[in-house]
Engineer: 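If you scroll down you'll find the structure; I have some questions about it.
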Amino acid sequence: MNDAVVIRFPRSPAVWVLLALGALAVPVAAGCVAYRITRLGVDAPFWAGDAVGIAALVFLLLGGWVLRMVTVSVRADEEGLRVRTWLRRRGVPWSDVADVQQLVRTHRYGQTYRVVLRRRDGGTVGLPLPQGAPGRGAYQQQYEADLASLRELHRRYGAPEADHLVVITSRTAGRAWKGLFVLGVGLLAGSALAAAFVPAVSAQLREWRAAVSCPEGEVGRECLSTRVAVVERTDPAGGRGRSWLYFTDDRPVDRLSVDQDAANAFRPGDRVTLTVWRGAVRQVSGGRHEWTEHFATGGEIAVVSGLLALGAGVPAAQLLIRRRARRLPADSVVPSVWPFVVALAGTGVWLLPYAHTLTTDPFLSGAALRWSVPGVVVSVALLRWAWWATRIGGAGTAVAAGPPAGPTFVTARFLDATEYNPHLFGTHVVLGDGPPAVVPHAGPGRFAAREIPVSRLSLGEVRRARGAEGDLVPRDWEVAELSDAGAPVRLAAAPEDLRFVLRELGLTSGPAGARGASAAGTRSGS
């Protein structure tokens, strides 16, 4: 029996067209480059052949990428997986594979799906194929079929650690941490580099303000010399573009970058006086307007340094949250980083103005202490709140321990479409004064209520939300896996709310569910 599965890039007509265009682009691009070098010269003006060469280069790169993809193959059989690419070939036996997982990457234009092998030593191997994307029809169906084949071979010849498809997203505990670490280190390095420029920038501003006019007849680098010039024309730019002043006979310079107001104020033919310091024009004075170059202050650079340092706190907070969630399954949804973002923003409210004044106000002056000490207290309080808000296993919404005295609407959602939750319309479960029911509102009244068939339900495991469930419910909710006459159904709610609903439904967990509930209770206290 041949159990081998071979996965390759689809050979569609568009692939062959791109390969043909890429092959045709090679001589075209080479000919355009050779003609420019041998006939026109490197410094010759732009001509139509250059546009053809650039277009050929684009098709060449695109064809090269397609050629690389069509030569990639993934083969899986009873021995394991073998991946072949241009640069290397590698094999992974099934005995080394702990799980076949799905990686979901979200970008500007949607989502893409990849397959990741988690090894038993903790490492991961990303497969170049198969790849999928929601809403791509046959492309997505082929991806799902290939993924199912790989998981079936793993179950047959290996020992999977998870009995379900583990989906890794940006919200789960199994997300890669190296990118966050590199981003944080890069922002900190930028912050340190900006801070290193603060003394030099402050010194330059002080020297500019202290500079005096050069003695008559002399021109020095550190003193102020003046030149007379005539404005030839102006070029004001709208928006954030650069505006220019052009001078007659290109003296003393051909043009000077100024702000938009100055470009609009000066007129062709205006005689102006240019002030030169350290070899550059720093001021333009005329009868209509006076423009002075803006010198960045040390405080401005210190603010940039502070912003970069605060920005580095975001990936650091994400790494901290994943560190606290290290014992959770890879597809468990972890708390959001937004509480730490709020804490960092609150810190910036007092830290950035404080950093702006450090170049002019002593570090331990009375005014600095009166500003910074309350700010530090507020930041510590915000960080403590963020630490509490992102703990693993939130407390949920407190609900009375006793039976409901009247209609009680609990925020809870069934995540699967059933006859009592058609089209996933339910947002609440109503308890008391009647049978338990699903309703699409928070009350009052039982309008559009659908009765829950309690007699058909049994409870399996209570766990944290995982994988794509993080897009459907808040991150601190938990999910109860129910069986509706054999059909799997999931009920999600905040931890305390979920326990209240399960108790009122008369559902008790078996061994697996007891372990899940116990683990959830332990995490709630972490």
Side-chain angles (χ1 to χ4, degrees), residues 32-33 35-55 57-58 190 193-194 197-304 307 356 359-360:
C32 291
V33 172
Y35 185 82
R36 166 165 279 280
I37 294 176
T38 59
R39 296 294 184 88
L40 300 180
V42 178
D43 298 332
F46 185 86
W47 73 298
D50 294 332
V52 175
I54 294 174
L57 181 60
V58 172
L193 181 63
F197 278 99
V198 170
V201 171
S202 300
Q204 183 187 41
L205 181 60
R206 290 194 300 268
E207 292 166 0
W208 160 252
R209 291 174 175 173
V212 297
S213 300
C214 296
E216 187 174 355
E218 296 183 12
V219 177
R221 178 174 176 80
E222 298 300 327
C223 59
L224 304 179
S225 59
T226 58
R227 309 281 180 84
V228 177
V230 178
V231 177
E232 181 180 22
R233 63 185 179 90
T234 64
D235 184 13
R240 297 184 179 181
R242 302 177 66 180
S243 301
W244 299 92
L245 289 181
Y246 292 84
F247 299 102
T248 303
D249 298 330
D250 296 339
R251 293 187 301 175
V253 293
D254 57 342
R255 64 178 185 173
L256 178 67
S257 177
V258 297
D259 56 48
Q260 186 177 1
D261 292 339
N264 289 325
F266 290 107
R267 295 287 186 273
D270 286 352
R271 293 181 62 85
V272 294
T273 301
L274 309 183
T275 301
V276 181
W277 182 63
R278 292 186 176 179
V281 177
R282 308 294 183 175
Q283 192 175 66
V284 180
S285 302
R288 300 177 184 273
H289 188 73
E290 181 177 291
W291 169 84
T292 303
E293 180 182 348
H294 172 73
F295 285 87
T297 65
E300 293 173 348
I301 305 302
V303 168
V304 173
L307 283 172
H356 191 276
T359 57
T360 57

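The analysis underlying the following values was restricted to heavy atoms, covering all of them including side chains, and did not include hydrogens, waters or symmetry mates. The chain is numbered in sequence order, starting from 1.
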Engineer: Is there side-chain contact between E300 and V303, with at least one heavy-atom pair below 4.5 Å?
Structural biologist: no
Engineer: Any chance you could measure T297, atom OG1, to R206, atom CZ, to the nearest 0.5 Å?
Structural biologist: 11.5 Å
Engineer: Of the non-hydrogen atoms in R233 and P268, which two are nearest, and what is the gap between them?
Structural biologist: CA-CG, 4.1 Å
Engineer: Quick check: does any side chain N or O of D249 sit under 3.5 Å from a backbone N or O of R251, one acting as donor and the other as acceptor?
Structural biologist: no
Engineer: CH2/W244 to CG/D254 distance, rounded to the nearest 0.5 angstrom?
Structural biologist: 8.5 Å
Engineer: Rounded to the nearest 0.5 Å, how far apart are CZ of F295 and CD of Q204?
Structural biologist: 5.5 Å
Engineer: What distance separates S243 OG from N264 CG, expressed to the nearest 0.5 Å?
Structural biologist: 7.0 Å
Engineer: Within this structure, what is the OG-CZ distance for the pair S225 and R282, rounded to the nearest 0.5 Å?
Structural biologist: 11.0 Å
Engineer: Hey, does L256 have a side-chain heavy atom less than 4.5 Å from the side chain of F247?
Structural biologist: yes
Engineer: When you compare the side chain of V201 with that of V198, does any pair of heavy atoms fall below 4.5 Å?
Structural biologist: no
Engineer: Side-chain atoms of residues 270-277: list all donor-acceptor pairs with protein atoms under 3.5 Å, sequence neighbours left out, distances to 0.1 Å.
Structural biologist:
| from | atom 1 | to | atom 2 | distance (Å) |
| --- | --- | --- | --- | --- |
| D270 | OD1 | R288 | NE | 3.3 |
| D270 | OD2 | R267 | N | 2.8 |
| D270 | OD2 | R288 | NE | 2.9 |
| W277 | NE1 | E222 | O | 3.2 |

Engineer: Taking the basic N atoms (NZ, or NE/NH1/NH2) and the acidic carboxylate oxygens, is any pair closer than 4.0 Å for E207 and R278?
Structural biologist: yes
Engineer: Which pair of non-hydrogen atoms, one from C32 and one from V52, has the smallest distance, and what is that distance?
Structural biologist: SG-CG1, 4.2 Å
Engineer: Atom CZ of F266 and atom CG of L245: how far apart are they, to the nearest 0.5 Å?
Structural biologist: 6.0 Å
Engineer: Listed by chain and number, what are the side-chain contact (heavy atoms from CB on, under 4.5 Å) partners of A200, not counting sequence neighbours?
Structural biologist: none
Engineer: Can you tell me if F197 has over 12 outside heavy atoms packed within less than 6.0 Å of its CZ?
Structural biologist: no
Engineer: For E232 and T248: C-alpha separation, side-chain torsions, deciding distance, then whether side chain to side chain donor-acceptor pair (under 3.5 Å) applies.
Structural biologist: CA-CA 5 Å; E232 181 180 22; T248 303; 5.4 Å; no
Engineer: Is the closest side-chain heavy-atom distance between D235 and Y246 below 4.5 Å?
Structural biologist: yes
